[in-house]
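Lettering of chains follows the sequences in order, A, B, ..., and the numbering in each one begins at 1. Only heavy atoms go into these numbers, but all of them, side chains included; no hydrogens, no water, no symmetry mates. As the structure is a prediction and not an experimental result, all values here were calculated from the model.
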Number of protein chains: 2
Amino acid sequence: MKQKKRATIYDIAKKLNIAASSVSRALNNIGNINEETRKLILSTATELKYKRNTLASNLRKGQSKTIGIVVPRINQNFFSNVIAGIEEASYQKGYNLVICQSNESHVKEIQCVNTLINQHVDCIVISVSAEGGDYSHLQNVIDSGIQLIQFDRVASELKTLKVLNDTEQVSMEAVSHMIEQGYKRIALLEGPQNLDIFIQRKAGYLNALKKNNMPIINELVVENAWTKELGATATRALLNLPNPPDAIFASTSDFSALGVLEVASAMGIKVPSELGICGYSNEAFTEITSPSITTIDQFSIYMGKSIADLYFREMDQEESSRTPITISIKPELIIRASTSRKTQSGK
Amino acid sequence: MKQKKRATIYDIAKKLNIAASSVSRALNNIGNINEETRKLILSTATELKYKRNTLASNLRKGQSKTIGIVVPRINQNFFSNVIAGIEEASYQKGYNLVICQSNESHVKEIQCVNTLINQHVDCIVISVSAEGGDYSHLQNVIDSGIQLIQFDRVASELKTLKVLNDTEQVSMEAVSHMIEQGYKRIALLEGPQNLDIFIQRKAGYLNALKKNNMPIINELVVENAWTKELGATATRALLNLPNPPDAIFASTSDFSALGVLEVASAMGIKVPSELGICGYSNEAFTEITSPSITTIDQFSIYMGKSIADLYFREMDQEESSRTPITISIKPELIIRASTSRKTQSGK
DNA sequence: TATTCAATTGCAATCGATTGCCTAAATTTA
DNA sequence: TAAATTTAGGCAATCGATTGCAATTGAATA
């Protein structure tokens, strides 16, 4: 489909028999322009249905007023919320969003980042894929003079702006809460340990055990129980141990926690009295399972806004005063029925 | 933050003492270029960390390889899935996505569309906001020679490409199914009637009643029960009628259906035996409520892919042979426990 | 040896908007 | 009235990549 010829500032200039530069000045409302000619130009512009060619403008100005975003999956609750938050904050500043998804593939992530560099976006916001690997493509972003902001899943070795959750702290709180509820053998479903967030979630778990003088039992720690299905499989194995756990912290996700709940129900194990369950992310469904699932809210929309704000704040800084800031957002432990066996307040 | 100077084709040309045009030809692998100089150019390009400036390229070529998307909310399941589908299909073709959300506001929708026109996107994909209003901004898109594709919520009077669900048909199926299950007084929670999709859902409901020779009872049709809260409120009113319904088709959304379910549970009304419930959208949670909720799957990811495919197919067409195609995707009625009181197969 | 042809590569215009510099007219001030 | 300012608006370069056309070169053909 071919674009029809669109009116340019030259068309307006020609029609009014003036210079294109005057048209530009009038449209941007800068420089000295006679008020009457300005109005004339403006009305001619609407008459010709003139639309500024942002491409040309950006090329000339050397900036694109565009923020590029790379996330593992656009349609995952957490990410789509972050994106919505970024959109809202940056729209007000006249910025646009170009969005890519890496599908958790390192290769696609690299391609996405390169496309965005080519697009001359002003800033790239990224949460790296689970696959992990070499992060030279991110170094590339920095070398290209593009602001890089990492969030949630970050390559910590890179000195960039970061927006994170205080994952370790809240994980510790979650496990401490379970201990307080009298659970003695708490299992952990852990995520891929090449991602910091999962390392931290585990650290929080270990810390909580240590602080409460509880032993670390290796057979209760299960790797990569990431999805509902994997969570279910892991749970089946755990509950069939000679000495099964009496609680499970599904640190990978709420989906995993859901898998735990379903298996427990199927096996006739009562939640929370015989098994405590805690998930991660505060997915909408955690509120409506029976029992409802204790989980952790990451304030995803707010996180998106923080990312955008951080960028705009940095942009105003002098080049010299720039330091790799890390913003930490404190997530909230949401205690629900699945871990409430002492205080029956949680319904 | 200022961008550092990036290498251009001129830098490469200067370094090798050749013309920029040759560099361009080499990088694009077009025209006749000596294989050796080509290799030399390519290696110099990597050496200088050359990245093509897509802005300049697009300006020159008069296309942007970008698809603009406007949806009411990025972080709504249905929309984020459609976007994910579009992304996947268009990424393969080397297209990028610029995404905006209208937040259901007509004014913001217009602004978004205008920004996208300025950006010279090749195609605009839109699902209009619930607020509705005048659609001249969409006509504008067409007049600018930009391909316009509407999906789901469309301004039907505009002759554009459209990708829709066969909403009326599936709604009829849903209500017919409820009738078959022996429900006699089926209520409808309807959405804003300025949007076609909601008109069609209602039409399906009415049709099903008519076909089965059942009376249309006005007091059982409730306007704008859109959210969980509104669904709950409506349900409370309905169930307190002297002659309450024995089933509710929450045609607005699954959230609304969830509101229905919660109120019914709170009032001690048994689902599905005393009250049947059917939602719309197949949100993840509908599967895990107790009882699970009968709903309608819209194949949102597939819809996204269809949109992208439609665009690429149209793009290859001759200008002349272009007609306003409408693609209709048949949604699927997913029968679950909340309406299954005859066949106990659905648990 | 002269002519033709194809392969390479250079030149310069172009896409549309912006902006530094400059001129001319209008206005103010001395 | 002359000089100094201010205001309005034109000229032309620029951003970086692409592409039609022309020029050069060497090889092939007559």
Flag for [Y]-[X]: side-chain donor and acceptor within less than 3.5 Å:
| X | Y | value |
| --- | --- | --- |
| R52(B) | N28(B) | yes |
| K65(B) | N58(B) | no |
| Q150(A) | T160(A) | yes |
| D134(B) | S136(B) | yes |

Would the base of dG10(C) count as contacting R25(B) through its side chain, where contact means a donor and an acceptor less than 3.5 Å apart?
yes

When the distance from [atom1] of [X] to [atom2] of [N] is rounded to whole Å, what number comes out?
| X | N | atom1 | atom2 | value |
| --- | --- | --- | --- | --- |
| I18(A) | dA17(C) | CD1 | C1' | 14 Å |
| L40(A) | dG9(D) | CG | P | 10 Å |
| L59(B) | dT18(D) | CG | P | 11 Å |
| Q63(B) | dA17(D) | CD | P | 16 Å |
| N28(B) | dG16(D) | CG | C1' | 12 Å |
| N29(A) | dA8(D) | CG | P | 12 Å |
| N118(B) | dT18(C) | CG | P | 11 Å |
| I12(B) | dG10(C) | CD1 | P | 14 Å |

Base, sugar-phosphate, or nothing: which does [X] touch, judged by heavy atoms less than 4.0 Å apart?
| X | value |
| --- | --- |
| S24(B) | base |
| R52(A) | sugar-phosphate |
| N58(B) | nothing |
| L27(A) | nothing |
| T54(A) | nothing |
| N32(B) | base |

Does the side chain of [X] get closer than 4.0 angstrom to OP1 or OP2 of [N] through an N or O atom?
| X | N | result |
| --- | --- | --- |
| Y10(B) | dG10(C) | no |
| R38(A) | dG9(D) | no |
| S57(A) | dG16(C) | no |

For R60(B) and for S21(B), find the nucleotide of DNA chain C with the closest heavy atom, then tell me which residue's nucleotide is more 5'.
S21(B)

Selected nucleotide, minimal atom distance to N34(B) side chain, candidates dG9(D), dA17(C), dT8(C)
dT8(C)

Y91(A) six-ring face occupied by K108(B) cation (under 6.0 Å, within 45°)
yes

